[in-house]
Structure formats: C-alpha cells, structure tokens
2 protein chains.
Amino acid sequence: MILEKKKAFQNFAAAKGLRSTRQRDIILDIFLSTHQHVSVEELYLKIKSSNPGIGHATVYRTLKLFAEAGLAREILLHDGQTRYEHVVAGEHHDHLVCTGCNSIVEFEDETIEKLQNEIAARHGFLIKNHKMEIYGLCAVCRN
Amino acid sequence: MILEKKKAFQNFAAAKGLRSTRQRDIILDIFLSTHQHVSVEELYLKIKSSNPGIGHATVYRTLKLFAEAGLAREILLHDGQTRYEHVVAGEHHDHLVCTGCNSIVEFEDETIEKLQNEIAARHGFLIKNHKMEIYGLCAVCRN
DNA sequence: TATGCTTTTGACATTCATTTTCATTTGACT
DNA sequence: AGTCAAATGAAAATGAATGTCAAAAGCATA
C-alpha cells in the first residue's frame, strides 16, 4: 500500500513533468509513516529531525502536490492549522472532533454519501469532494 | 426577525453584564443587513464606509460575541477567511461551495442530521455542532 | 449633573501559519 | 560534461487574527 502510493506519486509526477528529488522522496516516506491528520508543522518537525536541511516551504509545497496527486487530503479543523490526511482510494470518511481532548474519530456512512450526491444533483452541482465534521465531546470528555 | 435578533443580543449582553455601545449596535445592524457568509473583512469594510472610526479589532471582538450569543455561526471554508453566517433558530443548513465562482448554496437535509446523531451516539459522542461542505462546480460553472 | 469605577474601544504591535522571492542548487536531457 | 528549467532553502513578505494599553465611554451612585 505504501509502495502503491509511491508509484501513484511517480505517475503523477511523470504526467505533470515534475522532477524526482531527494526531498520529495523523503517527505513522502515520512508522510506515509505518520498517523492520520498530521499538521504541516508536525510533519515538518518530524522531517527536520532526520533531515535538518529540508525547509519549511518545501514541506508546504510538497504536501500541496500530494493533495493534487490524490494521496493526501487537506482538512481544516478549528485550530488554525492545516492538516493532511491519507487518502485511501474509494474510501471517504468524515470526522468526529472532540473539543475536549482534540481527538479525532473517523467514520464512514454510505447513506450520507448517497444523500450528498442526491442533493448535489438536485442543485446541478458537480461534486469534487466534500467534508463533514461533527464537533462535540467524546465518550471520555463528556463526563 | 431583525428586531428579535436585536432583542436576543440585548438579553445576552444583559446576562453577561456587557455594556451597550454605539459600536456594537452599528456592527449588529450592518451584520443583520448582510447576506449569508460574510467574511470579517467584508463586514469590516462595509462598516468602515459608513463609520470610519470603528476599528478592526472591534469587529472581530464583536462578531465573536454574536457567535457566543447564538446570532451568528463561524464557518471556515477554503479561502483562509473566517466567515459568519446568520443563525436561524432551530435550523441548520450545510453548504454547497462552488470552486469555480465561489458561490455558496445552502441546503438542509433532515435525514443527514438524523444519521449524524446516530453516528455520534454510536461513538458515545455528545454533539455540539457540525458542519458539512460539498465542494464542486455549480450548474453554471460546470459547463 | 458630577464622580468614580470598569468595560470597551481604536491604534498599533505582535503572533502565527502560509506564501513569495530570489539566488543557488540540482535533475534530466543532449 | 554542458545546458537550462525546475526545485530548493533562507529570509522576507503577507495576511488573518489577537494582544496591549492608554484614552474614551457606560453606568451606577452620590
């Protein structure tokens, strides 16, 4: 699965005429090794610890590429940090965000997806993507 | 309805021991006269044109108050600007955002709301609020 | 209406995430 | 190897949002 993603990025890069660079390889490796919902800063620090040379801007730029390539998805929660989550082909999940402990639980609901498609169709919209976040207190924090 | 909102804010202010000020009245008036989904900057400019004295910080502070008072809801779309939409009691709507022309269409779907509640319950979550945005191209831009 | 106390305001500075700039480096093709 | 455009890193710039603080304005009371 990690290999597939690397291939996918290679294909994307080839199609776009992008060069293969050491930095992009490193960033991709480390991104693929992270948990879901890494913030750019988190990832940057992780990268820096093994590769001090890599700059802030490169991480930002490269993550945008991953998003374009369909490997990552940008998500905005309410903490002012952009996060990237791993995209698994054919799967879309949404988030339950605990405002108590900031934990994030993912869920998937086919019926909601269907309803979204219907709504979009009703308005003549061509869906590119969507996101849904439910904010509240998790089982632990509600007590 | 505008009067009700003004009353609602008065009540909130009274309960919180907040003072009634000229600025807050003006900002509320102008906020209530705007379309859905005003960004802070948009609102600030609108306010400034008739009331040049009012400062940036005051607009930010006051909008946060409106949100606390339940008159407004903060929404984050993908343009890096915080927007505030009008809250209508007992109603929740979500958004279709056109990435072509940046137009926003609202919709409401009771079934989705129900499913959200079920999902939250399944995870032991206590929902505070939620948001859902569908990104894509509107009927005009898709052509 | 004047007094005194406290909140609110506005200007400005600051912070923080992200983007831009630009000189230098590097990849890839000949 | 040589060429040239793309990519990088450091630093500066941007832009939204927040903090600071002295001055102004509410509001209660005399």
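So you know, we letter chains A, B, ... as the sequences are listed, proteins then strands, and number each from 1.
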Strictly under 3.5 Å: I want the nitrogen or oxygen pairs between protein and nucleotides 12-14 of chain D, one per line.
none

List for me each residue that meets side-chain hydrogen bond (donor to acceptor under 3.5 Å, both in side chains) alongside Asn117(A), sequence neighbours excluded, and say none if there are none.
none
His95(B): partners by ring-ring contact (aromatic ring centres under 6.0 Å, His included), with sequence neighbours left out
His37(B), His93(B)
Mind running a 4.0 Å heavy-atom check of residues 24-55 of chain A against DNA chain C and sending the residues that fall below it, in number order?
none
Listed pairs under 3.5 Å, donor-acceptor, residues 26-33 of chain B side chains, sequence neighbours left out:
from	atom 1	to	atom 2	distance (Å)
Asp29(B)	OD1	Lys6(B)	NZ	2.5
Ser33(B)	OG	Ile30(B)	O	2.8

Set of residues satisfying salt bridge (Lys or Arg N to Asp or Glu O under 4.0 Å) with respect to Lys64(B), sequence neighbours excluded
Glu74(B)
Contacts of Gln116(B) that satisfy side-chain hydrogen bond (donor to acceptor under 3.5 Å, both in side chains) - sequence neighbours left out:
His130(B)
Who passes salt bridge (Lys or Arg N to Asp or Glu O under 4.0 Å) against Arg83(A), sequence neighbours left out?
Glu42(A), Asp79(A)
Suppose we screen for side-chain contact (heavy atoms from CB on, under 4.5 Å). Which residues come up paired with Leu115(B), at least two apart in sequence or across chains?
Asp109(A), Thr111(A), Ile112(A), Leu115(A), Thr111(B), Glu118(B)
For Lys131(B), all residues meeting salt bridge (Lys or Arg N to Asp or Glu O under 4.0 Å), sequence neighbours excluded
Glu133(A)
Listing, residues 8-19 of chain B side-chain donor-acceptor contacts under 3.5 Å, not counting sequence neighbours, or none:
from	atom 1	to	atom 2	distance (Å)
Lys16(B)	NZ	Glu68(B)	OE1	2.9

For a quick check, with a 4.0 angstrom heavy-atom cut-off, what is the B/S/- contact string for nucleotides 22-30 of chain C, read 5' to 3'?
----BBS--
